[in-house]
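Contents: one structure, followed by commentary.
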Protein chains: 2
Amino acid sequence: MTPNPSSAPTLRDVAEAAGVHTATASRALNPKTRQQISAETARRVMRAAQALGYQPNSAARSLKTSRTSTVGLVIPDLTNPLFPPIVRGVESVLESSGYNVWIVNTDNDEERERAKIESLRSRQVEGLIVATARLDHPLLQQLHEQGVTMVLINRQVGDLRIPAVTGDDATGVAAGVRHLAELGHTRIAHLSGPLSTSTGLVRSQAFRHAVRDRGLAGDAALVVECARWSEDDGAAAMRELLERDTGCTAVVAGNDLIALGCYDVFAERGLSCPDDLSVIGFNDMPFLDKLRPPLTTVAVPHHELGAEAARMLLDCIGEPERPARSLLLPVSLIVRGSTAPPRA
Amino acid sequence: MTPNPSSAPTLRDVAEAAGVHTATASRALNPKTRQQISAETARRVMRAAQALGYQPNSAARSLKTSRTSTVGLVIPDLTNPLFPPIVRGVESVLESSGYNVWIVNTDNDEERERAKIESLRSRQVEGLIVATARLDHPLLQQLHEQGVTMVLINRQVGDLRIPAVTGDDATGVAAGVRHLAELGHTRIAHLSGPLSTSTGLVRSQAFRHAVRDRGLAGDAALVVECARWSEDDGAAAMRELLERDTGCTAVVAGNDLIALGCYDVFAERGLSCPDDLSVIGFNDMPFLDKLRPPLTTVAVPHHELGAEAARMLLDCIGEPERPARSLLLPVSLIVRGSTAPPRA
DNA sequence: TTGTAAGCGTTATCAA
DNA sequence: TTGATAACGCTTACAA
């Protein structure tokens, strides 16, 4: 039984090269058990490992220890600029705790989501950070009931028993409406995100409350729902809004992409922003300051959202019976050039 | 020895529930071996697995089969909008071939890169797609020599023996210079990316060739190198260029982020684009059409880059002795509002 | 300080 | 068609 020449070296190869037993080699390579070993032997083993380019087989290790030091991160769409900073925030915390992060992309597809989460579970991830929640989400509900350790980020599931980290959407929308009202707008429209997501619903409700509280126009015709959080759907909603001929002078978009869809329609119809219509986005994704006009929006601390979700997940892993808590991170209105007083 | 009540069910739990041996259960659950099993037994086993919420332990499986069906994808910076489409392209091909993709983010940090790749290797990935190559890259060179299956994407290592998929940078830059020359520019500057990367070097060389071929000004002062592919470094380079007082009327930026840095300096100094200076970017990242002014740039098919790299990796995995080949994907100039004839 | 041996959950080989 | 058994590479009581 010669040491395998082609494939990756195993602990046995290292042990043989160092002239010790595999158990000894294992102890020498693990910082926590290295003390049990004579310095001389440890050195010899480590040198052999180095020389062979040995990498411990993590499948074997986690099979034995039943720990994977891995968590899964479930993202709906990595090309939405909102998510990469979340990923970075998550990684910044988990890496320093010795965890690895497995990122999966569901493309907003339920079947793909199921398959990806299944794959994460079969890899024995110790927990999940999930950014794909919908208000009615049987899969997440089921995982939760099965006791899967999980933290939601950005969006929540309807029943609030799962720990979550989100931005303070309601306050953000209220700040946007307030800003428009102070500029003198009285007929403000809302192009909401999908009401099947908590962000869509919460922002939409916050919008209605804010206009009511300020005594502004509250016609149902002033609200249009987008089927998805995308530029195309934003544009479609904007066209619908114009068709309704509501006389609105400002628009609160469900997020920045929807606001960009508005920009497309303005270009299409020769409308001027902010002269004809003011627009406010949500998220403050990168490069909005360079748009024509620069987009007024609500900044959400995405990196911090990710970091806090990671910390919360670590807490949940460490203390499984921990009661679920929700964290609401403060947001702030960023005023740029897409908002101005209504044309007299 | 009761079946473990709390932790995840194993094949043994399923087998016991179905009243068969683990080997039988294994065969029943694997589509490829299911035929060896009586339909009745197979059904019973599958039902039991379903009922218990059984997920095969992939660590155990890959330990036994020495296959992980996993490849690693090494990205320098996920927040650069150029990379998410590459990720999607890679996934679109690999998923349909039954592979999973482990994405890691190096943050352009060598130490982190080493650690992440080590972690991928210890997870026995079957291959690597690497987007972090530098011209001089000892780590990649070493992995290559150790026989690690690997495809480079977007950038190459100096010694071209590693398979790679890249955009046709030289042609793209030539098209940009040609466009500016046809508009009447004769003094064109280049803000290059880091010359430690193949993209930086190739684009820079292509720029020099293009201006020489067209008989345009070739002063060394017209070229400034950016330390990194970032907006901030682009802005710094632009300031340096203005200080040199070269009389240039147009700028070919190494990529879109560097071009955005130029926009920042224009705003800072009250310069007008394209009246005072024309600018061309590279990559055609999202939303450039909505900038002020919309950015003329070179479109690179990033999704396809990713897809082709994935196909190439599959080929390499299937045929290890396959000679390295490089694939150059065509790019196209997208003319927008940031380029115009020089002010008379 | 080091070696022995068992076992993590799965699959492959062999036998029945 | 099914069952018994060994083995993948590693860690960890326990023994020496």
Side-chain angles (χ1 to χ4, degrees), chain A residues 1-4 6-46 48-49 52-69 119 121-124 126, chain B residues 1 3-4 6-46 48-49 52-69 121-124 126:
Chain A
M1 202 109 325
T2 59
N4 44 16
S6 64
S7 62
T10 71
L11 188 60
R12 224 184 91 196
D13 299 327
V14 174
E16 274 175 21
V20 297
H21 193 269
T22 55
T24 308
S26 170
R27 288 186 276 248
L29 260 19
N30 183 337
K32 289 190 177 156
T33 49
R34 190 171 299 151
Q35 41 185 17
Q36 308 171 11
I37 298 287
S38 82
E40 160 56 16
T41 312
R43 224 186 317 274
R44 225 172 48 237
V45 172
M46 289 166 69
L52 291 171
Y54 170 73
Q55 295 288 353
N57 181 321
S58 66
R61 171 178 290 168
S62 73
L63 190 56
K64 182 65 191 169
T65 61
S66 66
R67 290 207 50 215
T68 56
S69 300
S119 149
R121 295 200 65 203
S122 85
R123 294 192 137 86
Q124 320 293 118
E126 296 181 26
Chain B
M1 199 112 321
N4 45 15
S6 64
S7 62
T10 72
L11 189 60
R12 225 183 91 196
D13 299 326
V14 175
E16 275 176 20
V20 297
H21 193 267
T22 55
T24 307
S26 171
R27 288 187 277 247
L29 260 19
N30 184 337
K32 289 189 176 158
T33 50
R34 190 170 301 152
Q35 43 188 16
Q36 307 171 10
I37 296 288
S38 81
E40 160 56 15
T41 314
R43 223 187 318 272
R44 225 172 47 235
V45 171
M46 291 167 68
L52 291 171
Y54 170 73
Q55 295 288 353
N57 181 322
S58 66
R61 172 179 289 167
S62 73
L63 188 58
K64 181 64 191 169
T65 61
S66 66
R67 290 207 50 215
T68 56
S69 300
R121 296 200 64 204
S122 84
R123 295 192 137 83
Q124 320 294 117
E126 295 181 27

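The chains referred to below are lettered A, B, ... by the order of the sequence lines, with proteins before strands, and numbering in each begins at 1. Only heavy atoms go into these numbers, but all of them, side chains included; no hydrogens, no water, no symmetry mates.
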* **Pair B/S38, B/T41: side-chain N/O donor-acceptor within cut-off below 3.5 Å** => yes
* **Spacing of B/L63 atom CG relative to C/dA12 atom P, expressed in whole Å** => 13 Å
* **D/dT11 OP1/OP2 closer than 4.0 Å to side-chain N/O of A/T65** => no
* Length of the line joining A/Q55:CD and D/dG9:P, which is rounded to integer Å -> 15 Å
* **Earlier contact from the 5' end, DNA chain C, for B/H21 and A/T24** => A/T24
* Asked: Considering only heavy atoms from C-beta outward, does the side chain of A/L11 approach that of A/L29 to under 4.5 Å?
  -> yes
* Figure out the CZ/C1' separation between B/R27 and D/dG3, and round it to whole Å. => 7 Å
* Asked: With side chains defined as the heavy atoms from C-beta onward, is the minimum distance between A/N57 and A/T10 less than 4.5 Å?
  -> no
* Asked: Between D/dC8 atom P and A/D13 atom CG, what is the distance in whole Å?
  -> 12 Å
* Assign each of B/G19 and A/A59 to its nearest nucleotide of DNA chain D by heavy atoms, then name whichever residue's nucleotide is nearer the 5' end. => B/G19
* Under 4.0 Å between any heavy atoms, over every strand shown, what does A/I37 touch: base, sugar-phosphate, or nothing? Just pick one. => sugar-phosphate
* Asked: Quick one: which of C/dT11, C/dG3, D/dC10 gets closest to the side chain of B/T22?
  -> C/dT11
* Rounded to whole angstroms, how far apart are CZ on B/R67 and C1' on D/dC8? -> 15 Å
* Reckon B/S58 touches a base, only the sugar-phosphate, or nothing at all at heavy-atom distances under 4.0 Å? -> nothing
* CG of B/N30 versus C1' of C/dG9: gap in Å, rounded? -> 15 Å
* To do: Whole angstrom is fine here: how far is it from CG in A/L11 over to P in D/dT12?
  => 12 Å
* Which distance, rounded to the nearest 0.5 Å, do you find between the CD1 of B/I37 and the CZ of B/R27? -> 5.5 Å
* Structure fact -> Of the candidates D/dT2, C/dA12, D/dC10, the side chain of B/Q36 sits closest to D/dT2
* Base, sugar-phosphate alone, or nothing: which one does A/T41 contact when heavy atoms must sit under 4.0 Å apart? -> sugar-phosphate
* Asked: Going by heavy atoms in the side chains, are B/D13 and B/Y54 under 4.5 Å from each other?
  -> no
* So what does A/S66 touch, heavy atoms closer than 4.0 Å: a base, only the sugar-phosphate, or nothing? -> nothing
* Asked: C/dT11, C/dT4, D/dC10: which one has an atom nearest the side-chain heavy atoms of B/R61?
  -> C/dT11
* For A/K64 and D/dG9, give me the distance from atom NZ to atom P, rounded to whole Å. => 16 Å
* Asked: Given D/dT2, is OP1 or OP2 found less than 4.0 Å from the side-chain N or O atoms of B/S38?
  -> yes
